[in-house]
Peer 1: 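Quick one: structure below, then a few questions.
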Amino acid sequence: MKKRNLAIGLVALMVGGMTLTSCDPVSKKPGAILTINNGNENAKQIDIDKIFDRYITKSNGITSYYNAICEVVIRASIPVTEEIKNSAERSVNQQKDKAKSNAETNGTKYSDELDAILESNGVENLSELKDKFIYEQLKTKARENYFAENDNETAEESERYKLLKDYINTKVPYHISHMLINVSASDSDAGYKGQITEQEARNLIAAIKRLARGDSFGSVAQSLSGDTSSAQNFGEGDIVTLDTSYVNEFKLGVYAFDRIYNANKENAYEGKDKRVSRIGMSDKAEGYYADHAEIDQIPYKQVMEMDSLVDVTDSYGLKVNDDDPNFYPRNIYFNHLFNSRRIALITATAEEAQNLPGFVAPSEENGLKGLVADDTYVLCTTTGKPILAVRSGSGDSYQGIFFIVIEKSGLTEDSVELANYYDYKHNADWYNDKDRIGTTYVGFNEKENVEYNKRKEKIKTAVESYDRLLDTSIFEYYFGEDNFTYNNEIKFGDLTLEEAINMYIHNTRAYYEYTDKSAMEKTWTEFIEKLEYIESNEARRKPLVCAVKYKEARDADEYKKGGECYVEKIQ
């Protein structure tokens, strides 16, 4: 008999239909691995000779003890109802029908096809298959109970939304909006030789000009963004977390910006050291941003200069440097303004911003004071949030300039405030009552109920799937109800069974934490190395004066050679 069969068959035999009560205390009994309080005078026992000596082998040691005990705990904690039995019976019949269909299709015997199905399920007969389906439903019910109990909105304040808070503290979610202006520049342009088309330059400039004159971020995204899915939703994107598969310049750039943005704020969540730790920065990344403590700025004036030169590829009929696109003015400006791969703000002087409502003066309220000079205005949304710009892309799939708005930061507020923001337990009227609750993720835009439900489900799914050791958390939850007692006469070296199980769980968690941290630090380090590589090539960018001089060129021979940039041409 297979090990899996023993776990299903014999554990089921020992636990039977017993369920837990709080009548009698549990106690250790001779010859038992685990004692279960079933409310009877003689507590239920799982005997070594009947299960564990055959289920567990020396080759997989404590892991098999743990897996078997987990199954015992779930079976003893969740009652097998008639509904569960009937559902399992229907599932068995479906597999029998599948075997018949496969036999007819393949011209094989029904018994052979059924044996194949049983083998794929790790069982030897239909009775064991039914019991497997029962156990799967018990595990599902155990999860549902666990989520309901640990993500309860009616609990005491300190215990309310426990799992949601754990998700927030672990994954550091950001609610963002963004738009993508596609460009054809290569992913390997090293930051100094990027080339874009005239239309791409016009699209990029048009987005900035519209935002500057006060158009809403959503309306601009809807009409210009190359990310069609978010464009349909007025630029609103998915929640960004540490393990979201966004490109690094976007995801890590947002985290880096927030780390700088809030570096000197007294109300920044839990201080700089804690924030750096939460976002998994490597030492190299922390050192880089210590040396780059100021946010890059894209001057609006230079964007307007680029606007006047987007179509210039020659002067008086003469092609620039024998028609070398690297010397086209729009490409020179693109590389200087947009191609560093670092997050940047778009800024203007007070005079330039005078008739441009999209530019906002720095203040304590908007958090820009201290981030830029007092006389520097920053391009913001109509709600006052700064608009970030960064060059990014995914290989040959797409490249572009992202404009990003942080709707809700995962670093600047504590988990209680963020849990209120990501609350997903209420009805549509509750989310629409902005005066009472403020803006929430689910109610970010007023929508029909079906859309609210989709957004609630998105958060719910994220919360219920972030824990890589969810089954272990559920096991600890049920075992922690004092309904089970280990037989600590069983030893693993110098450890009792209980100590060995606890150490196994601790070490498994520590392993995942270590690998996650190492992977995050590696990602940060690779990202910083890419930024440093691009930074090392900044001197190779064609000077901005080249772009202006080409338009003003008069001497044909000088122009053909490169004019003001002739030295640049022959390097």
Side-chain angles (χ1 to χ4, degrees), residues 180-186 189-213 220 224 226 296-341 344-349 351-353 355-356 358-359 379 387 389-391 399-403 534 537-571:
L180 169 66
I181 305 300
N182 292 105
V183 298
S184 51
S186 169
D189 62 29
Y192 74 94
K193 53 183 179 179
Q195 299 176 12
I196 61 176
T197 68
E198 178 182 336
Q199 187 57 54
E200 289 166 352
R202 292 193 186 281
N203 292 342
L204 180 57
I205 294 164
I208 295 172
K209 289 170 77 172
R210 285 183 58 183
L211 293 168
R213 74 188 186 204
V220 179
L224 292 179
D296 284 19
Q297 297 182 26
I298 300 173
Y300 183 72
K301 178 182 178 181
Q302 291 183 353
V303 175
M304 292 303 96
E305 290 173 359
M306 179 182 178
D307 186 29
S308 69
L309 298 168
V310 291
D311 60 345
V312 174
T313 59
D314 60 33
S315 184
Y316 298 96
L318 298 171
K319 291 290 183 181
V320 173
N321 278 28
D322 297 323
D323 201 21
D324 182 350
N326 287 310
F327 287 84
Y328 290 175
R330 64 171 177 268
N331 292 329
I332 294 174
Y333 272 97
F334 173 76
N335 286 308
H336 272 273
L337 300 181
F338 300 101
N339 213 10
S340 72
R341 305 271 177 161
L345 297 170
I346 300 168
T347 58
T349 65
E351 182 180 357
E352 291 165 350
N355 297 312
L356 297 172
F359 284 97
L379 188 63
I387 299 171
V390 67
R391 163 77 196 282
Q399 293 291 320
I401 305 299
F402 278 105
F403 294 99
I534 292 172
N537 282 293
E538 286 179 355
R540 303 178 71 179
R541 293 172 182 160
K542 308 296 181 282
L544 285 176
V545 68
C546 298
V548 177
K549 291 297 183 179
Y550 288 149
K551 189 173 185 180
E552 298 173 351
R554 292 292 186 274
D555 185 281
D557 290 334
E558 179 186 16
Y559 190 74
K560 284 182 178 179
K561 288 188 292 186
E564 291 285 324
C565 296
Y566 177 61
V567 175
E568 292 290 319
K569 175 65 175 176
I570 63 175
Q571 282 183 346

Peer 1: Pairing donors with acceptors under 3.5 angstrom, does anything connect the side chains of E200 and N182?
Peer 2: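 N182 and E200 do not have a side-chain donor-acceptor pair below 3.5 Å.
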Peer 1: Quick one: does R330's side chain have a donor or acceptor within less than 3.5 Å of a partner on I196's backbone?
Peer 2: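 Yes, the answer is positive, given that a donor and an acceptor are paired below the 3.5 Å cut-off.
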Peer 1: Per the side-chain contact (heavy atoms from CB on, under 4.5 Å) rule, which among N335, I534, D189 passes with R391?
Peer 2: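 When side-chain contact (heavy atoms from CB on, under 4.5 Å) is applied between R391 and each of N335, I534, D189, only D189 qualifies.
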Peer 1: Would S340 and R541 count as a side-chain contact (heavy atoms from CB on, under 4.5 Å) here? Give the steps.
Peer 2: CA-CA 11 Å; S340 72; R541 293 172 182 160; 4.1 Å; yes
Peer 1: Kindly indicate, with the supporting measurements, whether the criterion side-chain contact (heavy atoms from CB on, under 4.5 Å) is fulfilled by E352 and K301.
Peer 2: CA-CA 8 Å; E352 291 165 350; K301 178 182 178 181; 3.3 Å; yes
Peer 1: Work out which heavy atom in F403 is nearest to a heavy atom in L204; give both atom names and the distance.
Peer 2: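 Shortest heavy-atom separation between F403 and L204 comes out as CZ-CD1, 3.7 Å.
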Peer 1: Is there a side-chain contact (heavy atoms from CB on, under 4.5 Å) between V303 and L337? Walk through the geometry before answering.
Peer 2: CA-CA 8 Å; V303 175; L337 300 181; 4.2 Å; yes
Peer 1: More than 12 heavy atoms of other residues, nucleotides or ligands under 6.0 Å from CD of Q199: yes or no?
Peer 2: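 Counting other residues, nucleotides and ligands, CD of Q199 exceeds 12 neighbours.
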Peer 1: Can you name the nearest heavy-atom pair linking I205 to V310, along with the distance?
Peer 2: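 Shortest heavy-atom separation between I205 and V310 comes out as CD1-CG1, 3.5 Å.
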Peer 1: Tell me if a side-chain donor or acceptor on N331 pairs with a main-chain N or O of P325 at a distance below 3.5 Å.
Peer 2: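 Yes, because the side chain of N331 sits within donor-acceptor range (under 3.5 Å) of the backbone of P325.
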Peer 1: Is any NZ, NE, NH1 or NH2 atom of the basic residue among K542 and D324 found under 4.0 Å from an Asp or Glu carboxylate oxygen of the other?
Peer 2: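 Looking at K542 and D324, the cut-off is not met.
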Peer 1: Show, in sequence, the C-alpha distance, side-chain angles and deciding distance for N339 and Y192, and conclude whether the side-chain contact (heavy atoms from CB on, under 4.5 Å) test is met.
Peer 2: CA-CA 7 Å; N339 213 10; Y192 74 94; over 6 Å; no
Peer 1: Between F338 and I401, which heavy-atom pair has the shortest distance, and what is it?
Peer 2: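 Distance-wise, the nearest heavy atoms are CB-CD1, 3.7 Å.
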Peer 1: Report the residue from D311, T313, V312, D307 that forms a side-chain contact (heavy atoms from CB on, under 4.5 Å) with L309.
Peer 2: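 So the option named by the test is V312.
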Peer 1: Closest approach of A201 and M306, non-hydrogen atoms and distance?
Peer 2: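 Looking at all heavy atoms of both residues, the shortest contact is CB-CE, 4.0 Å.
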